[in-house]
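Lettering follows sequence order; numbering is per chain, from 1. Quick caveat: nothing in here was measured; it's all calculated off a predicted structure. FYI, side chains are in, hydrogens and waters are out, and symmetry mates aren't considered; it's all heavy atoms of this structure.
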Amino acid sequence: MNTIINQIKDAVVAAGKNLFQVEFPESAIQFQSTRKEFEGDITLVVFPLTKPAQAKPEDLGLKLGEYIQNEVTHVVGFNVVKGFLNLVFSDAYWLQNLDLMVSASQWGMAPQNSKPRMMVEYSSPNTNKPLHLGHLRNNFLGYAVAEILKANGHQVTKVQIINDRGIHICKSMYAWQVSGKNETPESSGLKGDKLVGKYYVEFDIQYKKEIKSLVEQGMPEEEAKQQAPSMLAAQEMLRAWENGDEAVVQLWKTMNEWVYAGFDTTYKRMGVDFDRLYFESQTYLKGRDEVIKGLEKGVFFKKEDGSVWIDLTDEGLDEKAVLRRDGTAMYVTQDIGTAILRFEDYPDTVSQIYTVGNEQEYHFKVLFKILKKLGWTQSDACYHLSYGMVELPEGKMKSREGTVVDADDLMETMAAESKLVADEQGKLSDLNDAEKTAVYNVIGMAALKYFLLRVDPKKNMMFNPQESIDFNGNTGPFIQYGYVRTQALLRKAENWNRVVDAGVTLNEYERNLIQLLYSYPQVIQQAGEKFDPSVIASFAYELTKTFNSFYQQCSILKEENASLKSLRLHLTELSGMCIASSMRLLGVSMPSRM
RNA sequence: GAUCUCGUAGCUCAGUUGGAUAGAGCAUCUGCCUUCUAAGCAGACGGUCAGGGGUUCGAAUCCCUUCGGGAUCACCA
């Protein structure tokens, strides 16, 4: 499309000179896609040209249209509505592009590894409780953005930082020690992350009880929170861990292993993976070292009490502490360490993308500034992929109030729902149970992923467990269904003419499809630039709708004209390919039947 | 208090380099399966784009302001 647009642009400039004796400024030549209700393939907005040309919009449009039609081979018609000049391209132009698309090995994909390495961090859970709905949005987003960047030609490293250290895991450890009776995932039959999460909840219950009783004895609440025996015990455990106490470290290892095993199961079902894991327990000391180095270079300064700070007031931010009085690392300190370690591990990395909730926007502003001051110029290209919360009808998810939606449960529910729908339709009756289950899972996950990814990442979104996830309309299964139709057609098509006949006449359905398919590379590019999978989701939906409409209106296998049949099968094949390809970028798989 | 962000149909969401009559899905209602998979297609209904002001040929989009929701501003993570 670019080449023809450039030709039109040149024609407009020439028309300016020849018809009006003026030089149209580049910025005044504006195009937009033609609205559906009008005839045309591209629209020139003539308003900005009326001033320099000293002409009325309608007249100008007519004159330009005529000029362009004479100059540009593939512009075969035009019409003017108000100040809009709609240009019609020839069928030959679109058929030529169709030929281009079908002969491309992977239409839409930039050449692999043609662009520098980017690192995408996502998931990054704490190891004291199971994954929930918020993590699902995080993981799906991060994974999708990584795939989209790959499709744009980048080398991509998918990473996560596992927050395996700190008071939170000590809470679970302590509660397990007190009341666990050596319970293990094997003995309890619980997934490891669920087991550890159970003790985290127990800790919280006990802790609350203690606070209540202390407050009843007359202690102020703030003090009670600090003095509650179980909290003191958990803190003592953290100190013991930091000092390398063997028993504590052993317990910590054991319980973390349980959690990892549980997470692995969940990740597998989610369909996400990582190229490299980073553990906070291995990077937090690195962060401290980097801060000390920076202190020597004068990037940071030390206050009288021994704490270390950075002054970001010249950047419009505040002063920020990076080391505590006692010299220990803080949250931001570890992130400094992790970021630098990653740049050292993968020196060709030009950017790190952090998939983290929007409540941490300030944190990442600070982190990027600090990295820059430490001399890591890549920080300019680093990006906080900030996403909004998933809200429930009753408000936010709060683990303490039991209003979390568990990731495993939700995925299971989705599969069960899709089983209900599928069984009712009975189209899978000749499959065996394992094959059926695979289809249920693929459909359930599509519904879930698409639901979470079709929304602009930065916005908060609403999740209503009762009615949110549907299988009709603008949904993952709808798109899968369109794909399944393409595959059914292709299975039955047998041998057909693989050559695009450049002489056929296109109807509006065929034309719409070609136009949309032709825009796919730009869609991928836009999604990559914005780090926004919802761009891809919209495209996949639009494409499926357009295909369905085409499917309904045009007979394909029964078409008697061989050239037309070939054209339609090409469109079917290409549509199927692009639907699958775009959904693949979202991490959504396609069933071959449903 | 300061900063950021969001507010579009009953509900969930698209639509910002300023462009035509603001678009989908769900819900409600009407048609279409002896014909390539009806998880579909075609259509109807539904809007003071939170309110007000400004910028201009033109504003959901940019600026100002008011209201409302959310977030952030720790030697927490």
Side-chain angles (χ1 to χ4, degrees), chain A residues 27 30 32 34-38 43 45-48 50-51 56-57 81-84 86 126 163 165-168 280 303 305-309 316-318 320-335 357-363 365-366 386 388-389 391 393 396 418 421-422 424-425 427 443 447 451 454-456 458-464 467-482 484-493 534-535 537-538 541-542 544-545 547-559 568-569 572 593-594:
Chain A
S27 64
Q30 294 173 10
Q32 63 188 54
T34 305
R35 293 180 66 116
K36 264 189 187 157
E37 57 267 38
F38 302 107
T43 296
V45 186
V46 296
F47 293 110
T50 51
K51 247 185 202 169
K56 287 183 183 164
V81 182
K82 296 186 189 169
F84 298 90
N86 302 319
N126 289 341
N163 304 306
R165 159 204 101 85
I167 191 73
H168 51 85
E280 209 176 273
K303 289 202 173 174
D305 61 8
S307 57
V308 178
W309 295 68
L317 304 171
D318 284 327
K320 175 83 187 172
V322 290
L323 277 187
R324 293 195 189 88
R325 199 176 345 180
D326 60 9
T328 55
M330 303 173 58
Y331 178 52
V332 68
T333 323
Q334 338 186 111
D335 272 6
N358 61 10
E359 72 276 7
Q360 298 205 26
E361 273 169 13
Y362 185 79
H363 170 77
K365 267 186 203 162
V366 169
S386 165
M389 307 218 158
E391 287 165 1
K396 289 201 201 97
S418 86
V421 178
E424 192 184 325
Q425 309 229 0
K427 293 177 190 166
I443 296 173
F451 180 84
R454 58 176 265 245
V455 179
D456 183 344
K458 70 171 187 280
K459 289 191 175 174
N460 288 358
M461 63 183 296
M462 177 61 69
F463 177 82
N464 185 332
E467 55 191 56
S468 263
I469 299 192
D470 209 337
F471 293 86
N472 301 312
N474 188 358
T475 68
F478 169 89
I479 293 167
Q480 288 178 319
Y481 186 72
V484 163
R485 277 177 154 173
T486 65
Q487 298 316 103
L489 285 172
L490 293 170
R491 269 198 301 272
K492 291 180 187 170
S534 73
V535 172
S538 299
Y541 176 58
E542 200 58 41
T544 306
K545 259 201 334 182
F547 174 77
N548 277 339
S549 187
F550 158 79
Y551 173 90
Q552 204 83 22
Q553 301 295 331
C554 310
S555 56
I556 297 164
L557 298 175
K558 287 170 191 150
E559 174 55 49
R568 290 178 184 167
L569 279 166
T572 302
R593 306 174 37 179
M594 64 189 280

Worksheet item: Expressed in whole Å, how much space separates the C1' atoms belonging to U8(B) and A59(B)?
Response: 14 Å
Discussion item. Determine whether Phe478(A) and Tyr541(A) satisfy the following criterion, ring pair (Phe, Tyr, Trp, His ring centres under 6.0 Å), listing intermediate values before the conclusion.
Written reply: CA-CA 8 Å; Phe478(A) 169 89; Tyr541(A) 176 58; 5.5 Å; yes
Worksheet item: Around atom CD of Glu37(A), are there more than 12 heavy atoms of other residues, nucleotides or ligands at under 6.0 Å?
Response: yes
Worksheet item: Given the P atoms of U30(B) and U5(B), what is the spacing between them in whole Å?
Response: 47 Å
Discussion item. Tell me whether Arg568(A) contacts the main-chain N or O of Ser555(A) through its side chain, where contact means a donor paired with an acceptor under 3.5 Å.
Written reply: yes
Worksheet entry | Heavy-atom neighbours of Lys56(A) NZ exceed 12 at 6.0 Å | no
Discussion item. Using a heavy-atom cut-off of 4.0 Å across all strands, would you classify Arg485(A) as base, sugar-phosphate, or nothing?
Written reply: sugar-phosphate
Practice prompt. Pick base, sugar-phosphate or nothing for Ser549(A), based on heavy-atom distances below 4.0 Å to the nucleic acid.
Written response: sugar-phosphate
Worksheet item: Just how far, in rounded Å, is C1' of U37(B) from CZ of Phe478(A)?
Response: 14 Å
Practice prompt. Assign each of Cys554(A) and Lys365(A) to its nearest nucleotide of RNA chain B by heavy atoms, then name whichever residue's nucleotide is nearer the 5' end.
Written response: Lys365(A)
Item to complete: State, with a plain yes or no, whether a side-chain heavy atom of Gln487(A) is found less than 4.5 Å away from one of Arg491(A).
Response: yes
Worksheet item: Which part of the nucleic acid does Ala488(A) contact within heavy-atom distance under 4.0 Å: base, sugar-phosphate only, or nothing?
Response: base
Worksheet item: Whole-Å distance between U5(B) P and Tyr362(A) OH?
Response: 16 Å
Item to complete: Find out whether Val366(A) and His363(A) are in side-chain contact, i.e. whether some heavy atom of one side chain is under 4.5 Å from a heavy atom of the other.
Response: no
Practice prompt. Ignoring backbone atoms, establish whether Asn358(A) has a side-chain N or O less than 4.0 Å from OP1 or OP2 of A71(B).
Written response: no
Worksheet item: How is Ile443(A) classified with respect to the nucleic acid when contacts are heavy atoms under 4.0 Å: base, sugar-phosphate, or nothing?
Response: base
Discussion item. Can a donor-acceptor pair be found, under 3.5 Å and without considering hydrogens, that links the side chain of Ser538(A) to the backbone of Ser534(A)?
Written reply: yes
Item to complete: Output yes when at least one side-chain N/O atom of Lys427(A) is less than 4.0 Å from OP1 or OP2 of A38(B), else no.
Response: no
Item to complete: Pick base, sugar-phosphate or nothing for Lys51(A), based on heavy-atom distances below 4.0 Å to the nucleic acid.
Response: sugar-phosphate
Response to the item:
Testing A77(B), A71(B), A42(B) for proximity to the side chain of Met389(A), the answer is A71(B)
Worksheet item: To the nearest angstrom, how far is Tyr551(A) atom OH from C41(B) atom C1'?
Response: 11 Å
Worksheet entry | P atoms of A24(B) and A44(B), separation to the nearest Å | 10 Å
Worksheet entry | Touch class at under 4.0 angstrom, heavy-atom based, for Ala493(A) against every strand present | nothing
Fill in: Annotated protein contacts, base or backbone, on nucleotides 13-23 of chain B with a non-hydrogen cut-off under 4.0 Å, one of B, S, - each
SS----BBS-S
Fill in: G68(B) versus A50(B) - spacing of their C1' atoms, nearest Å
8 Å
Worksheet item: Looking only at atom C1', what distance separates U16(B) and A22(B), rounded to whole Å?
Response: 13 Å
Worksheet entry | Identified pairing partner of A2(B), criterion: Watson-Crick or G-U wobble below 3.5 Å | U72(B)
Item to complete: Specify the residue among Glu391(A) and Glu280(A) whose closest nucleotide of RNA chain B lies further upstream toward the 5′ end.
Response: Glu391(A)
Worksheet item: Syn or anti for C64(B), taking syn as within 90° of 0?
Response: anti
Worksheet item: Does the side chain of Asn460(A) come within less than 4.5 Å of Asn358(A)'s, by heavy atoms?
Response: yes
Discussion item. Looking at Tyr331(A), I'd like to know whether one of its side-chain N or O atoms comes within less than 4.0 Å of OP1 or OP2 on A77(B).
Written reply: no
Discussion item. If I pick the P atom on A9(B) and the same atom on U48(B), what distance separates them, to the nearest angstrom?
Written reply: 8 Å
Worksheet entry | Backbone N/O of Lys458(A) and side chain of Asp456(A): donor-acceptor pair under 3.5 Å | yes
Worksheet item: Quick one: which of A24(B), C73(B), U37(B) gets closest to the side chain of Lys545(A)?
Response: A24(B)
Fill in: Assigned partner base of G25(B), Watson-Crick or wobble definition, under 3.5 Å
C11(B)
Worksheet entry | Gap in Å between the two P atoms, one belonging to C13(B) and one to G70(B), rounded | 16 Å
Discussion item. Using atom C1' in both nucleotides, what's the gap between U12(B) and G18(B) to the nearest angstrom?
Written reply: 28 Å
Worksheet item: Nearest of G40(B), C36(B), C26(B) to any side-chain atom of Ser555(A)?
Response: C36(B)
Practice prompt. Ignoring the backbone of Phe471(A), work out which of A24(B), A39(B), C36(B) is nearest its side chain.
Written response: A39(B)
Worksheet item: For A39(B), does either OP1 or OP2 sit under 4.0 Å from a side-chain N or O belonging to Gln425(A)?
Response: yes
Worksheet entry | Candidate nucleotides A39(B), C36(B), C73(B), ranked by approach to the side chain of Asp318(A) - the nearest | C73(B)
